[in-house]
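Whatever order the structure lists ligands and atoms in, that order sets their numbers, starting from 1.
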Amino acid sequence: MANSKYEYVKREFEFHRHLPASNWIVVRIDGCHFHRFSELHAFEKPNDDRALRLMNACATSMLEKFPDIVIAYGVSDEYSFVFREKTEFYKRRESKNISLCVSYFTIVYGMKWKDFFPNNDLKEPPYFDGRVVCYPNINTIRDYLAWRQVDCHINNQYNTCFWALVKSGKTEKEAHQALKGTSSKDKNKLLLQQFQVNYNDEPAMFRKGSTVYRDKVKTDDCGNPIKRTREAITVSNFDLIGPEFWENHQYILGEASDYLCLGGKEKYGYEYVKKFDNIHRLPYSNWTIVRISACQFDQFSLIHSFDKPNDETALRLMNACASLMMEQFPDIIFGYGFDNEYSFVFQEKTELYQRDERLIISSCSSCFTSFYMMKWKEYFPSKELVQPPHFQVEVSCYPEPRIVCDYLSRRQSECHNRNQYTTCFWMLVKSGEGENKAKEILKDTLPKDKNELLFQRFQMNYNNEPAMFRKGSCAYRQKVEASEDERWDVAVAHVDMGPHFWAKHSYVFDRR
Ligand code: GTP
Ligand code: MG
């Protein structure tokens, strides 16, 4: 088989990390560059009610989509999702878990934006990074959530004072200076004495953050009483530090034995909870490939009436996202995509996120998702985006450019095999064969048999089909000779990535 020569690339270099069994899995999502994003979209300071409610709406969608999330907690531009300890979500594969969560959160954020900011268009694609951390028991999960809520309190109290001072005429520098070394009590006093603000009267959502969980209720969606208890996804702003919430909602995590804050060692010190963080750095001096692929794409393409077997516009949209990815991440030296996937090669010395695998996986999947959403209208002006497209990411590392080229050839060979098959399949179906019959006809056929079938039955020369369908799309930087200084623009080509191509584009791996 054409692919077999490159089989070793998968066998020897593609590994999946599984998260340890019987641990609670926390995925914490955080907005990337939200300082700038919030300025650009004129969020109110220090808290924008609409922005926070939008985050809560995204978290609610996450609980609807992923039943194994038992509770979520969010503040500012971050949200933590706790998966039940026995979850078998994607067999506990770390990259799937993190990329899917971040991508889904991102797309919901984009699609719901208009509901919360009807008069404020999205000016740049929002995107998020994510970390996944495992906690071994209920006590540590409660410690984790308490830690995030303490953080919320510290930041919010500081920001409330800071913006009150700035709004009253102080410069930002003066405001920081005025707050330096103040205790929590001092800040409350400052708010009360200078601004007649009782901090405890500030909205609970600002002070406590938001908790999303499945509540047990005895009312229907309209609030009418019903006999049987049912679960309803609820957003609240409870205290998670004390015992009360947990005593009233034991079914969420189960019963903790002898709960002592932070392992009983430190009162809300950060260090204990942080010890569970397990950072994997990509091996140094390796070329990293991030492969992004759309989830449930059959359904997505059906709902959006994509042409079969190839929708040219959908492929061009993928290429546009790839070009944007290369602008966003200058360390991407090459992209290759076909169908619903795109692979991005990062240069071997990249220091993106200090090579933290989780942050690279999550920000790439989120960014690609956001670009896809932002560009959709341009490519499909008359089609509404009705179902959220979301993408998963796999990452692998290769020590030499030669192996990277073999990886890419493997993907291109996969593109060829898949496209030739689907071209035949849909020609047969369109000519009146049933789908099962078409599969039967194609079973065990060789590439040359398929070409012959197309020619004999449909007078179609497969090699005359558009190159983008047959060869996929390569995205790489090309030097543009401008009048004064040189510029490197992203070009997209539909060509064979054989020795000839690499001889001509050897600079792709050499350019520093
Ligand atoms: P990275 O996460 O490292 O990419 O940086 P960041 O700019 O997102 O900052 P960080 O996550 O540390 O902090 C979140 C930032 O988002 C805050 O500093 C605010 O600038 C902004 N932000 C979040 N929520 C609000 C809000 O409700 N109102 C306003 N005005 N800003 C907010
Ligand atoms: Mg952030």
Quiz item: Where the closest heavy atom to atom 13 (O) of ligand 1 is concerned, which of Asp129, Leu52, Asp49, Asp77 has it?
Solution: Asp77
Quiz prompt | Sub-4.0 Å atoms of ligand 1 with respect to non-hydrogen atoms of Asn47 | solution = 27 (O)
Quiz item: With atoms numbered from 1 as shown, which atoms in ligand 1 lie under 4.0 angstrom from a non-hydrogen atom of Asp30?
Solution: 2 (O), 11 (O)
Quiz item: Counting only heavy atoms not in Lys383, do more than 12 fall under 6.0 Å of its NZ?
Solution: yes
Quiz item: With atoms numbered from 1 as shown, which atoms in ligand 1 lie under 4.0 angstrom from a non-hydrogen atom of Cys32?
Solution: 4 (O)
Quiz item: Is atom 24 (N) of ligand 1 in close reach of the protein, with a heavy atom under 4.0 Å away?
Solution: yes
Quiz prompt | 4.0 Å protein heavy-atom contact status of atom 8 (O) of ligand 1, strictly under | solution = yes
Exercise. Identify the protein heavy atom lying closest to atom 27 (O) of ligand 1, giving its residue, its atom name and the separation to 0.1 Å.
Key: Asp48 N, 2.7 Å
Practice problem: Establish, yes or no, whether the cationic atom of Arg53 lies under 6.0 Å from the six-membered ring centre of Phe116 and within 45° of the ring axis. | Solution: no
Quiz item: Which of the atoms in ligand 1, numbered in the order shown and given with their element, are less than 4.0 Å from a heavy-atom of Gly31?
Solution: 1 (P), 2 (O), 4 (O), 8 (O)
Quiz prompt | Salt bridge Lys479-Asp489, side-chain N to carboxylate O under 4.0 Å | solution = no
Quiz item: Which atoms of ligand 1 are found less than 4.0 Å from any heavy atom of Pro46?
Solution: 26 (C), 27 (O), 28 (N), 29 (C)
Quiz item: Nearest heavy atom to atom 6 (P) of ligand 1: which of Phe34, Trp163, Tyr353 does it belong to?
Solution: Phe34
Exercise. Specify whether an N/O/S atom of Glu78 falls short of 2.8 Å from the Mg ion (ligand 2).
Key: no
Self-check item: N/O/S atom name from Asp77 that is nearest to the position of the Mg ion (ligand 2)
Solution: OD2
Practice problem: Give a yes or no on whether Gly31 keeps an N, O or S atom under 2.8 Å from the Mg ion (ligand 2). | Solution: yes
Practice problem: Report the part of Arg36 in contact with ligand 1, treating N, CA, C, O as backbone and CB onward as side chain, heavy atoms under 4.0 Å; options are side chain, backbone, both, neither. | Solution: neither
Self-check item: Nearest neighbour in protein (non-hydrogen) for atom 28 (N) of ligand 1
Solution: Glu44 O, 2.9 Å
Self-check item: From Glu39, His33, Lys45 - option closest to atom 1 (P) of ligand 1 by heavy atom
Solution: His33
Quiz item: How about Trp287 and Phe509: are their ring centres within less than 6.0 Å of each other?
Solution: yes
Quiz item: When the ring centroid of Tyr476 is compared with that of His505, is the distance short of 6.0 Å?
Solution: yes
Self-check item: Min N/O separation His35 to ligand 1 under 3.5 Å
Solution: yes
Self-check item: Distance flag, aromatic centroids of Tyr272 and Phe276, threshold under 6.0 Å
Solution: yes
Quiz item: Hey, would you say the Phe371 and Phe368 ring centroids sit under 6.0 Å apart?
Solution: no
Self-check item: Nitrogen or oxygen atoms of Ala51 and ligand 1 under 3.5 Å apart
Solution: no
Quiz item: What are the atoms of ligand 1, with element, lying closer than 4.0 Å to any heavy atom of Ser76?
Solution: 14 (C), 23 (C), 24 (N)
Quiz item: Any side-chain heavy atom of Tyr104 within less than 4.5 Å of one from Val108?
Solution: yes
Quiz prompt | Charged tip of Lys96 within 45° of Phe89 ring normal and under 6.0 Å | solution = no
Self-check item: The single option from Ile71, Val212, Ile69 passing side chain to side chain contact (heavy atoms under 4.5 Å, CB included) against Phe81
Solution: Ile69
Self-check item: Proximal heteroatom of Asp30 relative to the Mg ion (ligand 2) (N/O/S)
Solution: OD1
Quiz prompt | Check: Phe391 ring centre within less than 6.0 Å of Tyr372 ring centre | solution = yes
Quiz item: Do you know which of Phe128, Phe66, Tyr127 makes ring pair (Phe, Tyr, Trp, His ring centres under 6.0 Å) with Phe105?
Solution: Phe128
